[in-house]
Number of protein chains: 2
Amino acid sequence: MAVQNDKAQSPATLMDVAKEAQVSIATASRVLNGSTRKVRNQSYVKVMEAATKLNYRPNAYAQAVAKGTAPNIVLLVSDISDPYFASVSQGVVKAAAERGISVTIGVAATPHEELEAVRKSVSTRPRGIIISESEYTDAPERQALQTELTQYEASGGRAVFVLNRNLPFPAVDMANDVGARAIAKLIVDSGYTRPAILKGDDAHRSSKERLAGVMEVLDEAGITVDPKAVANGKFSRTDGYAAVMQMARSGLLKPGEGALYDGKGIDSIIALNDVMAIGAMTALRANGIEPGREIGVTGFGDIPYSADVFPPLTTVHLPLAEMGQAAVDSILSNRDDGEATGGTANRLIYVQSAPDVVLRGSLPRR
Amino acid sequence: MAVQNDKAQSPATLMDVAKEAQVSIATASRVLNGSTRKVRNQSYVKVMEAATKLNYRPNAYAQAVAKGTAPNIVLLVSDISDPYFASVSQGVVKAAAERGISVTIGVAATPHEELEAVRKSVSTRPRGIIISESEYTDAPERQALQTELTQYEASGGRAVFVLNRNLPFPAVDMANDVGARAIAKLIVDSGYTRPAILKGDDAHRSSKERLAGVMEVLDEAGITVDPKAVANGKFSRTDGYAAVMQMARSGLLKPGEGALYDGKGIDSIIALNDVMAIGAMTALRANGIEPGREIGVTGFGDIPYSADVFPPLTTVHLPLAEMGQAAVDSILSNRDDGEATGGTANRLIYVQSAPDVVLRGSLPRR
DNA sequence: CTGTTAGCGCTTTCAT
DNA sequence: ATGAAAGCGCTAACAG
């Protein structure tokens, strides 16, 4: 019976390589990792050969400890499987990969989880922390989060919010209000007069801004939104679906029966988010109502699949992936560039493209 | 003018805490991180207070170096924004988080990138590497990848494939053939006789298995698939769309004109993957054909949004998130449990639920 | 160009 | 129960 020799065999270390190549460990380090190589060609070759032979892989953690930082950033989202976050993540991962930086994705759905996630992240001393969270601007954890991030920045890290900045840190932002006004204008111009609105939590920054923009235009147009036609929810497919089902159950959807708009029912649904809009469309169908025909629907975000539902969703285009990239760029940018403008704290990072309306089939002219 | 004191201020270290609490660094370590705490209550309190006061956060890298491993696993996908991967990722992240493990997500779209990603991952000495890649079972990198992973396993790591294992390592698998036969049977039983098939690359394992299952049933039913009605592509929305557009351009879609099935055209589309099916439906519409009415459509996977397209997609349900969880479980499971069954190499990890067909509107009876 | 030698922050025997 | 000290694998001065 063989000796217990199938134990885990640890990977070759720099020292192993140095020995094999008969050079000092410092030299080995220089050729294998160091930047400006000032090594004799002969040693270089010897080290490379030894490394290959031993299948050497540097220990990233040891490097990180020795250097003080590691080439990685962490991205916090509330749900990776939400197409919105998926698109942002894609941009983040791509931009990071191009710079040789890896990204750790953490999921945090509640303010509490978020705080915990940030704490854990800080332990990892990343170059930056991107928070692409979507809920709650005012939670009890808010203060603790701010403290944590401030501390983190003081130690050289960079915190960046994406689209829903609710604390004094740099943030990638888009003109939510502009997009909201555009979509509302389209509603008005297309002849709709009795909209329902599907919004997010009032503490949700983006939702609030979009709502404000929409209301402004509606007001100007002399359209009064029936309070009963404004539904709350999270920015999720499920809540969009639920909101419409609720309206249906209350008999608020059908003209005549409904108490909405003096019994005339709604003629459109303005969802402040694409997935809500998609959920709403499905719910409409579940009630025998053809979305886009009987009731116009609009979204916000232009996630990839908004073009594949039927009728295809008219929505506001947000450059999701670019926003993710911008966040990474911001983290990796020169650390002192905020000095001149009074610190980095409140810097807003705008992505080039504007939030334009994408016209598709879900909102035909009346 | 103040001294340059706004420099990055490094976070408190264990030593700082120890000093502050007036105990040894070892004691501090024990209360803050060590498992079985055998520390006097008094010291415990002192250390905790000091840690809080100094806002101590352990340096994860230093811990990793000292311990030899770190609590993290890496997940490789080819595209996070694909709902399929997003769902799997969700399961992975969730399961990992429950065990206090963080997951680093890497994106690798080509075999080459994949190999590079694995190499980089290994540097990070993770507990495990999950590969949820979808293309190419035979690429030149294949051998190198196997070597790399074998080495990795030898050093105590765990490699796990998800659904598309193409190398001798453990894999989370589902009975693709069973699902495929079921969907094909449904096609036949529903009265369809002239299907088009949208498949992935022939080197793609899942695609191959599904195709085989479908063909088997079709054969049994005496249905001969017109070769021109079989389209290749990647498992992507875009390729599904493109495949159908291509058929349309070639005049293969419409009865009479088409050369398919003796000029009678296809009556259904069997996509071996949901996103392809969704792309195909949109393409059908772009050609004035109503999916689900004129031409039946089926998918495979049951991604979240397959219920939101119209008509809702009839597809094979795959427990995506559960598969991700299973991969994590496998990595974290006892390392020696494979011994009895002749090693861990070829172990297949089946997830409980079966690949059942989900009946929705896209495939009405004829 | 290359080797020596301190650390980096933390864990973990080994004594006490 | 607690402290001293030896690493973990690697980088970065600092001398040659």
Side-chain angles (χ1 to χ4, degrees), chain A residues 8-48 50-51 54-72 120 122-126 155-156, chain B residues 8-48 50-51 54-72 120 122-126 155-156:
Chain A
Q9 176 193 322
S10 31
T13 73
L14 233 205
M15 214 184 101
D16 297 331
V17 175
K19 261 182 197 147
E20 176 77 26
Q22 305 189 63
V23 298
S24 81
I25 175 174
T27 299
S29 172
R30 283 190 268 258
V31 3
L32 259 14
N33 312 307
S35 43
T36 35
R37 53 175 254 235
K38 321 197 274 182
V39 180
R40 205 194 336 168
N41 209 289
Q42 187 188 142
S43 329
Y44 180 85
V45 174
K46 281 198 301 185
V47 171
M48 286 310 269
L54 268 40
N55 211 276
Y56 172 75
R57 296 283 174 272
N59 182 320
Y61 294 133
Q63 294 188 150
V65 172
K67 284 184 178 164
T69 67
N72 81 77
K120 275 199 58 174
V122 170
S123 282
T124 228
R125 309 283 189 274
S155 69
Chain B
Q9 176 193 322
S10 32
T13 73
L14 232 205
M15 213 184 102
D16 297 332
V17 175
K19 261 181 198 150
E20 176 77 26
Q22 304 190 64
V23 298
S24 80
I25 175 176
T27 299
S29 171
R30 283 189 269 258
V31 1
L32 257 15
N33 312 307
S35 44
T36 34
R37 51 177 254 236
K38 322 196 275 184
V39 179
R40 206 193 334 169
N41 209 290
Q42 188 189 141
S43 330
Y44 180 85
V45 173
K46 280 197 301 183
V47 171
M48 287 308 269
L54 268 40
N55 211 274
Y56 172 74
R57 296 282 173 273
N59 181 321
Y61 295 132
Q63 290 185 292
V65 171
K67 284 183 178 164
T69 66
N72 80 79
K120 275 198 58 175
V122 170
S123 283
T124 227
R125 309 283 190 273
S155 70

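Model, not experiment: these values are computed from the prediction. We name chains A, B, ... by the order of the sequence lines, and we start the count at 1 in each one.
Screening B/Asp16, B/Val17, B/Val47 for a side-chain contact (heavy atoms from CB on, under 4.5 Å) involving B/Tyr56 leaves a single residue, B/Val17.
A donor-acceptor contact shorter than 3.5 Å is absent between the side chain of B/Thr124 and the backbone of B/Pro126.
When all heavy atoms of B/Arg125 and A/Pro58 are compared, the pair lying nearest together is NH1-O, 3.6 Å. Closest heavy-atom contact between B/Lys46 and B/Gln22: NZ-O, 4.1 Å. Heavy-atom minimum distance, A/Leu14 versus A/Ser29: CD1-CB, 3.6 Å.
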Using a 4.0 Å heavy-atom cut-off to protein, can you give one letter per nucleotide of nucleotides 7-16 of chain C, 5' to 3': B if the base is in contact, S if only the sugar-phosphate is, - if neither? BBBBBB----
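Within the structure, the side chain to side chain donor-acceptor pair (under 3.5 Å) test picks out the following pairs touching residues 60-69 of chain B (sequence neighbours left out): A/Asn72-B/Tyr61.
B/Ser43 meets the side-chain contact (heavy atoms from CB on, under 4.5 Å) test with B/Val23, B/Thr27, B/Val39, B/Arg40; sequence neighbours excluded.
In this structure, A/Leu32 CG and A/Arg57 CZ are separated by 10.0 Å, a value rounded to the nearest 0.5 Å. The structure places CG of B/Leu54 at 11.0 Å from NZ of B/Lys19, a figure rounded to the nearest 0.5 Å.
Between its two ends, the helix from C/dC1-D/dG16 to C/dT16-D/dA1 turns its axis by 30°, counting five pairs per end and rounding to 10 degrees.
Listed in residue order, the members of residues 16-24 of chain A having a heavy atom less than 4.0 Å from DNA chain C are A/Val23, A/Ser24.
In the 5' to 3' direction, nucleotides of DNA chain D lying under 4.0 Å from heavy atoms of chain B begin and end at D/dA1 to D/dC8.
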